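Here's the structure, in C-alpha cells; my notes come after.
The structure presented is a predicted model; accordingly, all values stated were derived computationally and were not measured. In what follows, chains carry the letters A, B, and so on, assigned in the order in which the sequence lines appear, proteins first and then strands, with residues in each chain numbered from 1.
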2 protein chains.
Amino acid sequence: MNKESGVFIVDDDEQVRSALTLLMESVGLRSESFSSGQEYLDQFDDSKPGCLILDVRMPGISGLDLQARLSAEKIHPPIIIITGHGDVPMAVRAVTAGAIDFIEKPFNNQSMLDTVHRAIEQDAKQRGESSRLEEIENHYNELTPREKEVLLSVIEGKRNKIIASEMNISQSTVEAHRSKVMEKMAAKTLSDLMRMALLLKLID
Amino acid sequence: MNKESGVFIVDDDEQVRSALTLLMESVGLRSESFSSGQEYLDQFDDSKPGCLILDVRMPGISGLDLQARLSAEKIHPPIIIITGHGDVPMAVRAVTAGAIDFIEKPFNNQSMLDTVHRAIEQDAKQRGESSRLEEIENHYNELTPREKEVLLSVIEGKRNKIIASEMNISQSTVEAHRSKVMEKMAAKTLSDLMRMALLLKLID
DNA sequence: AGTAAAATTAGAAGATGTAATAATTTATAT
DNA sequence: ATATAAATTATTACATCTTCTAATTTTACT
C-alpha cells in the first residue's frame, strides 16, 4: 500500500470530518478534510493519489454533484459516498455512476476502512495504468499527420505496398514514415506497436 | 432491437408477474414468468437472449442468490432486481455485483421499460462479442501444444530465429508451426492474430 | 524571403517472412 | 503393431520489411 496515498474527506459536518480523520490516522493513512465541495475543488490537485469520501447533503455542491463534475472532467478517483439520509434510487445512481461504495451514517468503522483500502488500491492501479498511457500519448502526439495515417494502416495489417497505393505515394515514402513511427513510438516490434494502439484505442 | 429477445420474470407474486407480462406485451416484448428461482433454473437455457427481472424476497432462492449463482457459473445476463422491501446496502450489493438496476416496488412503468430496453441491448451486445470469442476459442483449441507455444512467442513480437533458439528447434520448424497457426486461426495478418490473442487474453 | 519541419522519393544490401514441396522421426491410440 | 497425428527438418523461390544514405519538394512560420 502506497503510504503517500491520502483520503480526501468532504463533509460539512465537523464531527464527521474529525471522526473520519481519527479513523484514518488509526491505520496510518493520511487524510485531508474539506467542509464543502467548492473548498475541495479549489485545492484540487490531480497528482495527489488516494480516494474521496463525499457526503451527499452539503450546502452548495452536493457529493453527487461533485462526483458528476469530476466524471465530466474525465477525472475518476475512487469515490465513497456517505450519507445520513440516503435512499435506494440515490444509492443506485451513485454506484452506477462509478462510486465504489455508498455508505449510510452512522457507518461501521471497520467496513469503512475496508472500503477505503480497496479504493486506494484501485487508485494506485489506475494511476499505474494512466501514467503508462500518458507516456504513449506523448509519443503519439509527436507523430506528424502523415505518420499517424501510416500508423493506422500498419496496425490494420496492411502491406506497405497497399498503404502506398491507398495514400497515392511511393512505397519508399511509406517505409520512411513507418520507420519514423516505430522510432517515435519507441516500439521495437510490430507487436509493441499494436499494444500501444490498443491502449490509445486506435483499434477496438 | 432483437424481437427474439425475451424478458424472464421471476417473482412469487402472481400480481407482479402478470403486471410485468402485460407491460412487456404492451411494447411487443416477449416474456416468460416463473414463480421461483428454482423454476427458472429448471428451464434455464443460456441460448435464449434477453434479460432477467428478479424479485428479491421469494421462498427458496432469493433474487440476489440467483444473481450470485449465475455469476458463479460465469453466466452474465443483464439483471434487473425488483423489491418491495429494499434497503441501501442491499441495493449497493446488487449493483456492485453487476445488476443493471435495482428498482423498488411499486415501480414506474416507463422507467422499468427503459431499463429493460437498456438491458436487452446490453445482452445483444454481449452475445455478439461472446459468439465471436467462441469462434476464436474454437480455432485456438485446434492448435497443437507446440503451435500454441509458437503463437505465444509470435504475439510477443519475437523473430522466428529467436523462437527457434528458445525452443531448441530449427527455424524451419518454427516457420512450419507459424504457418499452421495462421491457417488454423484464420488470421490473414499478424495484426489479426494479435487482436485474437487479446480477446483470448493471451496478452494483457 | 528565408528557415525549419514535413513529406516525398530512390537505390541498394541484408534480414525476415511466406509458400510449396517433400521427407523423417516421435508420440499416441486402437 | 500399426495407422494417425504431431513434430521435426531442409530447400527453393519470392515477397516483404528494415536500414542506410542522399536528395528534392512542400508547407508553415517569422
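Contact between the side-chain N/O atoms of B:His177 and the OP1/OP2 oxygens of D:dT8 is found at a separation under 4.0 Å.
At a threshold of 4.0 Å, the pair A:Arg17-A:Asp13 does not count as salt-bridged, since none of the basic side-chain nitrogens sits closer than that to a carboxylate oxygen. For A:Glu25 and A:Arg30, the salt-bridge test fails: no basic side-chain N is under 4.0 Å from an acidic carboxylate O. In summary, A:Glu175 and A:Arg178 do not engage in a salt bridge, as defined by a charged side-chain N under 4.0 Å from a carboxylate O. Using a 4.0 Å cut-off between charged side-chain N and carboxylate O, B:Glu121 and B:Arg118 make no salt bridge.
When the shell of 6.0 Å around NZ of A:Lys180 is examined, it contains 12 or fewer heavy atoms from other residues, nucleotides or ligands.
For DNA chain C, the outermost nucleotides in 5' to 3' order that have an atom under 4.0 Å from a heavy atom of chain A are C:dA6 to C:dA10.
Taking the six-membered ring where the residue is Trp, A:Phe34 and A:Tyr40 present perpendicular rings, their angle passing 60° and hence far from 30°.
In this structure, the CE atom of A:Met182 is 14 Å from the P atom of D:dC20, given to the nearest Å. Distance, B:Leu143 CG to D:dA6 P: 11 Å, rounded to whole Å. Look at NZ on B:Lys148: it is 11 Å from P on D:dA6, rounded to the nearest Å. Separating the CG atom of A:Leu193 from the P atom of D:dC17 is a distance of 14 Å, rounded to the nearest angstrom.
Every residue two or more places apart in sequence or in another chain that forms a side chain to side chain donor-acceptor pair (under 3.5 Å) with B:Gln110 is listed here: B:Asp114.
Residues from residues 156-176 of chain A that place a heavy atom under 4.0 Å from any atom of DNA chain C, listed by number: A:Ile169, A:Ser170, A:Ser172, A:Thr173, A:Ala176.
Considering every non-hydrogen atom in both B:Glu39 and B:Ser33, the closest pair reads OE2-O, 4.1 Å.
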